[in-house]
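Remember, it's 1-based here, ligands and their atoms both numbered in the order they're listed. Everything quoted here is computed from the prediction, not taken from an experiment.
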Amino acid sequence: MPELPTHWLRDNCPCAECRDPRSGQKLFQIADLPEDLVVSAQCEMNGNLEVLWSDGHRSRYPLGWLTEAGDGDGRTEADKRLWVAADFRRGLPEAEWEAYLADPAEQAAVLTAVRRSGFAVLRGVPAVERQVLRVAGSFGFVRVTNYGELFDVRVEPDPNNLAFTSVAITPHTDNPYRDPVPTLQLLHCLENSATGGDSGLVDGFGAAAVLREEAPADFAVLTRTPVPFVFRDHGAELRADRPLIDVDPLGRIREVRFNNRSIGTLRGSREELDAFYAAYRRFAAVTLRPELQLTFRLDPGDCLVLDNTRLLHARTAFRQDGRRHLQGCYADLDSLTSTLAVLHRRTAALDAIAELFAGEGAGEYLGEAVTMAEHMLQAAAAAEAAGAAPQLVAAALLHDVGHFQGALRGRDLMQGQDSRHGDSGADWLAQWFGPEVTEPVRLHVAAKRYLCAVEPGYRERLSEASEYTLMVQGGPMDDAQAAAFAALPGAADAVAVRRWDDQAKAAGAAAPDFEHYRTLLASLMR
Ligand code: OGA
Ligand code: ZN
Ligand code: ZN
């Protein structure tokens, strides 16, 4: 183990004294660590680095964590796919609204496109007023501004913004005069029957990278000149002083803010202003290069979602021979990114569960004629066929996951030890699912003992293996136990799952595979 940076290592101690176990937040002040702090002793043990510190504290770090590569928040050019128009010859990043709503994978693809390419188009968003707010709400929060929670882009009699006329609008950042600038813009097309009014997008990061390549001194000027952007009407007076090209502390492009309409009056020496205007003009010319202009037409029902800190958007002039009406709103990338990360987390969890079905699930199920996976899939199919609520279909599907995590547990049960697979399964599932899913899983063993007590003929219908495990699990409930069970809020659900469980032992019976339930499971994850 090479020598590690002392205060860095200690600042990242994961122990419960240093970090709140629930939130993971740090419980100490950085300045409280001793200046002369050193590692007194360290050793590697069981995949961890164990450290004894000079102040007596002990820390344990997973070795894998120590060597993880750094990553970022995904906002700089380093994490983008810079593009030119020809990159979309085969189509735009797009999805159908209904599919996006129904399928987490589709939603993840759209949000990933916004992160990587700076935009995506949702098709088939009902061409009805205010739907744009629903789109924003599907991944984040609307940013209300002086234009309201949404704004109408159509020809207005007394426009406070050129956007609300029929003139061409060249590639620009929206609301550059706002601090912070809205990081996302949505434009939803309700009507577009006018001649003209086509939409355009330019990758502002791409344009800035071109400028850096061709005229590095101009690029540098634009990164270090604070430019006043201003907006003023009867009810608002906004101003933000920011560079046209904002780079992060490592010099990587992080934001482009470009809007010829709302640049105010820059002040400075003659040399500074000459240098700025030369660079500004050159950058403007780059953004107008045909090969950088992606042009397409928004039709009613299309909703464009774009990264307003990166892409510049435009429209051509239109004639007033038809009607053109867009509704727009602002939102922010941080929430979109968070939504995407949570989707990925859920996908990873579902992948892990799918792997259990494919791996351990192929193992025999307590001596029944079906494998564990077949058994659980048949139980879910029975629940679905009965028209059960989604949480009960999920509970039926997952009721025996407690047997996984080592086929050992199942074997324990058959060797006369109750492995409490209901509890262990429910506890494991509680990482992702609420009690509406976990409690029927927890109680499905008790439900068997309950039904044996209260339902004549039930016990006789149990399979041989189930009869055997019944005894290991405590046998039928007595009257008091049965009454207590029946009084539990989840009793009815658990009994329902139990009945599908009992039916799900037919050799060779057809049942949908695990993937069939992915969307349903995803919709129940929290
Ligand atoms: C805007 C805008 C584009 C359009 O309202 O910010 O740029 O297509 N509109 O009308
Ligand atoms: Zn605009
Ligand atoms: Zn079962």
- Angle class for the His399/His444 ring planes (parallel below 30°, perpendicular above 60°, tilted otherwise)? perpendicular

- In His375, what N, O or S atom is nearest to the Zn ion (ligand 3), if we give its atom name? NE2

- Query: Do we see a donor-acceptor contact under 3.5 Å between the side chains of Tyr100 and Ser138?
  - Reply: yes

- Please report which non-hydrogen protein atom sits nearest to atom 8 (O) of ligand 1, along with the residue it belongs to and the distance in Å to one decimal place. Arg324 NH2, 2.7 Å

- Does an N or O from Arg315, backbone or side chain, lie closer than 3.5 Å to an N or O of ligand 1? yes

- Note on the structure: Value for OG1 (Thr469) from NE2 (His421), rounded to nearest 0.5 Å, stands at 7.5 Å

- Task: Determine whether the side chain, the backbone, both or neither of Leu326 has a heavy atom under 4.0 Å from any heavy atom of ligand 1.
- Result: side chain

- How about His399: does one of its N, O or S atoms come closer than 2.8 Å to the Zn ion (ligand 3)? yes

- Item | Validation row: Leu311, Gln185 side chains within 4.5 angstrom (heavy atoms) | no

- Item | Cation-pi geometry met for Arg324 and Phe318 (6.0 Å, 45°) | yes

- Message: Using a 6.0 Å distance limit plus a 45 degree cone around the ring axis, check whether Arg310 lies over the aromatic ring of Phe205.
- Response: yes

- Query: Do ligand 1 and His313 have nitrogen or oxygen atoms that lie under 3.5 Å from each other?
  - Reply: yes

- Message: More than 12 heavy atoms of other residues, nucleotides or ligands under 6.0 Å from CZ of Arg261: yes or no?
- Response: yes

- Nearest to the Zn ion (ligand 2) - the N/O/S atom of Asp174, by atom name: OD1

- Query: Could you state the interatomic distance from CZ (Phe119) to CG (Asn308), rounded to the nearest 0.5 Å?
  - Reply: 14.5 Å

- Task: Specify which N/O/S atom of His313 comes nearest to the Zn ion (ligand 2), by atom name.
- Result: NE2

- For ligand 1, is Val153 a contact, meaning one of its heavy atoms is under 4.0 Å away? yes

- Task: Give the name of the N/O/S atom in Asp400 that lies closest to the Zn ion (ligand 3).
- Result: OD2

- Note on the structure: For the Zn ion (ligand 3), the nearest N/O/S atom on Asp501 is atom OD1

- Hey, are Ser424 and Asp427 close enough side-chain-wise for a donor-acceptor pair under 3.5 Å? no

- Query: Would you say His172 has any N or O atom under 3.5 Å from an N or O of ligand 1, going by distance alone?
  - Reply: yes

- If you count the atoms of ligand 1 from 1 in the order shown, which ones are under 4.0 Å from a heavy atom of Ala163? 1 (C), 5 (O)

